[in-house]
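Lettering follows sequence order; numbering is per chain, from 1.
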Amino acid sequence: MNEELSTDYAIKLDIFEGPLDLLLYLIKKNEIDIYNIPIALITQQYLDYIHMIKSLNLDLAGEYLVMASTLIHIKSRMLLPIPEDPSEEDLEEDPRSELVRQLIEYQAFKEAAEKLAKRPLLERDVFVRSAALPEDMIRSRPEDDELIEASIFELIEAFHNIVARLDNKELLEIDLEKLSLTDIINDVMDRLTRERNLTFEELLGERKDRRRIVYTFLALLELIKLKMVKAYQTAAFGVIRIFPAVES
Amino acid sequence: MDNIPAVIEALIFASESPLPLEKICAVLDGVDKTEVKDALDKLIAAYEERQSGISIQEVAGGFQFRTRPELALWIKKLKGTKPGSLSPAALETLAIVAYRQPIVKAEIETVRGVDVSAPLKGLLEKKLIRIMGRKDAPGKPIIYGTTKKFLEVFNLKELTDLPTMRELTEITEQQSALDLETAEENVGEQQIITQESFEKQISQEIPEEISEDDNDS
Amino acid sequence: MDNIPAVIEALIFASESPLPLEKICAVLDGVDKTEVKDALDKLIAAYEERQSGISIQEVAGGFQFRTRPELALWIKKLKGTKPGSLSPAALETLAIVAYRQPIVKAEIETVRGVDVSAPLKGLLEKKLIRIMGRKDAPGKPIIYGTTKKFLEVFNLKELTDLPTMRELTEITEQQSALDLETAEENVGEQQIITQESFEKQISQEIPEEISEDDNDS
């Protein structure tokens with residue numbers, strides 16, 4: 001490997017934000033037209049960089065290796081001879097075009113990020129009042145229909161803290177299936193509170209798609225298991241009616 | 001040097017506590033103290049003269065912007081509509097109810113390890129949780145669940161919009177895509193590619209280019 | 001009724017977040033909206049004219065007192081704060097979310113070409129982005145968007161106030177020109193390896209990791 005090259009890169013090690021960023025750097029450094037990348041040269045320099053990082057025993061993110069193989073593939077495609085019979089559908093596609101598109105898009109966002117960072121940032125360029133107002137000035141009874149300000153992220157963090165404290169395996173078993181089942185359980189209990197008792201048919205209502213039927217059935221099984229509802233039948237093969245287990 | 005009154009104004013405004021004259025002088029290093037005091041006095045007088053809604057007042061040994069006392073009623077009217085926030089205890093209780101509903105109080109307490117009467121009451125009052133029914137078990141315990149308002153407050157269409165535990169760990173814990181342990185957890189949604197498997201592949205595809213360098217590393 | 005400009009000034013000052021015009025009008029119940037807007041405009045102009053150290057800025061859909069950017073050095077001298085600046089990774093991720101929202105993680109990763117778990121987590125913690133819901137697609141991925149705080153921190157009135165990004169359409173045009181030009185030189189039917197095909201291949205290589213998770217998902 002080229003000695004000069006390796007020291008040059010060593011300084012830059014921490015600067016790259018990923019393989020696309022590294023490629024943009026190489027393109028700029030070599031003063032290459034992004035629309036006409038000499039793929040052999042860029043691939044070689046890119047691989048030199050990767051090997052140097054490896055030789056320094058630094059962690060290399062998997063994305064860099066994906067890009068390496070992409071580059072090598074493009075290079076091999078560029079080397080292929082032109083077929084005799086150009087009848088293929090995708091013959092107009094330059095092997096580099098997908099990569100170019102990605103690079104241009106990434107570059108545009110990189111520039112947008114730089115522009116954002118140049119704006120007058122709060123707590124860096126501009127400041128707001130940070131003193132608290134005197135208590136007697138702001139205290140007043142909140143209105144009845146109090147507004148609440150909270151984000152899901154705060155809720156997640158709260159739950160995550162609990163899980164971290166407990167290391168409870170059972171708590172971890174929450175997935176989308178369980179959540180959508182809970183949606184239906186909520187719905188079933190709502191309607192039972194309002195209407196006192198319902199048949200399975202009535203519970204399904206208008207929405208009779210397969211998923212809804214299965215979930216309603218599962219919700220009922222869960223509710224019966226939890227002893228929240230009771231199911232009664234007046235006669236064998238008669239209509240099954242669902243009641244809340246305990247009158248509220 | 002910038003316009004001294006403007007700097008003083010900005011300093012007093014941005015300070016967390018009443019700003020003493022000495023501190024202003026320390027920041028405006030090199031400017032004569034009498035000059036600073038003079039500029040400050042003029043600044044205070046200007047706010048008075050304008051009958052502005054705010055004024056610089058000397059409190060607790062320093063200077064601070066305050067709204068005029070006569071306007072207190074307006075401020076109270078504004079603050080009356082200020083959104084309240086949830087205490088950590090309420091948030092935790094709410095999170096447990098949201099993820100584990102239908103749930104009874106005793107179960108919440110097992111998870112949180114403390115009595116949850118107060119946060120439960122608060123959440124019921126705020127209409128974030130509701131009584132779904134009672135369980136046919138000794139003591140007929142009350143079963144809790146979340147409300148429509150809960151979905152509104154947290155900007156959720158339905159409960160399935162809540163992140164699952166798998167996503168939760170992804171969001172709240174730093175993780176490397178190359179970490180094998182987490183890779184297993186995530187394979188369902190997004191396949192994780194390990195460094196090794198990539199290298200293997202690359203070396204299979206382009207043996208001449210890689211093997212050369214493998215030797216010298 | 002008190003002097004309206006003074007009340008508006010006091011309300012904006014006392015509000016903890018940028019105060020929307022509607023809220024000022026709601027507090028000043030009975031005053032015509034155009035009158036309020038007029039008084040507000042005059043107030044803003046007066047601060048500008050005086051070359052005051054603070055000014056009323058329109059950010060995140062409301063009005064807020066802020067110090068002038070030119071005076072930042074003085075305030076930093078007073079506060080001695082090192083700003084917790086965003087890393088380039090976080091800034092790039094934020095830019096993609098801001099311009100492309102609503103967006104899922106995989107889409108951000110396609111643009112950046114790297115895993116974005118860590119910057120996403122940081123941005124969520126800083127409350128610059130938020131979870132907006134889930135996409136109705138396989139795996140129900142979480143959708144991200146920017147917050148009001150994002151607008152506040154970056155001094156933006158609203159999302160449409162974002163600096164215009166270099167047009168991506170011109171690229172596609174140039175690209176198709178390139179495709180035609182080079183079409184004859186570079187014809188090959190071999191497929192470019194996309195990330196997808198890689199993942200497919202890898203899943204074949206390491207079946208034991210995949211199959212396990214396929215069952216429980």
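Under the 4.5 Å side-chain criterion, counting only non-hydrogen atoms from C-beta, E17(A) is in contact with E92(C). Taking 4.5 Å as the limit, some side-chain heavy atom of D115(C) sits within range of a side-chain heavy atom of E63(A).
Under the 3.5 Å distance criterion, the side-chain polar atoms of T67(C) are left unmatched by any main-chain donor or acceptor of V126(A).
The line from NZ of K76(C) to CZ of F127(A) is 6.0 Å long, rounded to the nearest 0.5 Å. Considering CG of L86(C) and CG of L121(A), their distance stands at 7.5 Å, rounded to 0.5 Å. In this structure, OG1 in T164(C) is found 4.5 Å from NZ in K115(A), a value given to the nearest 0.5 Å. Rounding to the nearest 0.5 Å gives a distance of 11.0 Å between NZ of K110(A) and CD1 of I96(C). Atom CD of Q57(C) sits about 11.0 Å away from atom CG of L122(A), to the nearest 0.5 Å. Here the CZ-CG distance, from F150(C) to L116(A), works out to 5.0 Å after rounding to the nearest 0.5 Å.
The environment of CG in D136(C) is sparse: at most 12 heavy-atom neighbours from other residues, nucleotides or ligands sit within 6.0 Å. When the shell of 6.0 Å around NZ of K28(A) is examined, it contains 12 or fewer heavy atoms from other residues, nucleotides or ligands. By the 6.0 Å contact criterion, NZ on K135(C) is open, its count of non-hydrogen atoms from other residues, nucleotides or ligands being 12 or less. For L41(A), the CG atom counts as densely surrounded, since its 6.0 Å shell holds more than 12 non-hydrogen atoms of other residues, nucleotides or ligands.
Note on S87(C), A98(C), A89(C): by heavy-atom pairs under 4.5 Å with chain A, the leading option is A89(C). Counting heavy-atom pairs closer than 4.5 Å to chain C, the top residue among R119(A), Q107(A), Q102(A) is R119(A). Highest contact tally toward chain C, considering only A112(A), G18(A), S130(A), is held by A112(A) [criterion: heavy-atom pairs under 4.5 Å].
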**OP:** Before giving the answer on side-chain contact (heavy atoms from CB on, under 4.5 Å), spell out for R112(C) and L20(A) the whole-Å C-alpha distance, their side-chain angles and the decisive distance to 0.1 Å.
**Re:** CA-CA 7 Å; R112(C) 285 204 60 220; L20(A) 292 172; 5.9 Å; no
**OP:** Please step through salt bridge (charged side-chain N to carboxylate O under 4.0 Å, His left out) for the pair R100(C) and E105(A), ending with a clear verdict.
**Re:** CA-CA 12 Å; R100(C) 284 275 169 88; E105(A) 189 184 33; 2.8 Å; yes
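For S17(C), no part lies under 4.5 angstrom from a heavy atom of chain A. In this structure, chain A has a heavy atom under 4.5 Å from the side chain of Q64(C), while its backbone stays farther away. Using a 4.5 Å cut-off between heavy atoms, R66(C) contacts chain A through both its backbone and its side chain. With a threshold of 4.5 angstrom between heavy atoms, L162(C) approaches chain A through side-chain atoms but not through N, CA, C or O. For F154(C), the parts lying under 4.5 angstrom from a heavy atom of chain A are both the backbone and the side chain. If you measure heavy-atom distances from T147(C) to chain A, you find no contacts under 4.5 Å at all. For chain A, the nearby part of R68(C) is the backbone; its heavy atoms alone come within less than 4.5 Å.
The shortest heavy-atom contact between L91(C) and A117(A) is CD1-CB, 3.6 Å.
Judged by the 6.0 Å distance and 45° axis criteria, R129(A) is positioned over the aromatic ring of F13(C).
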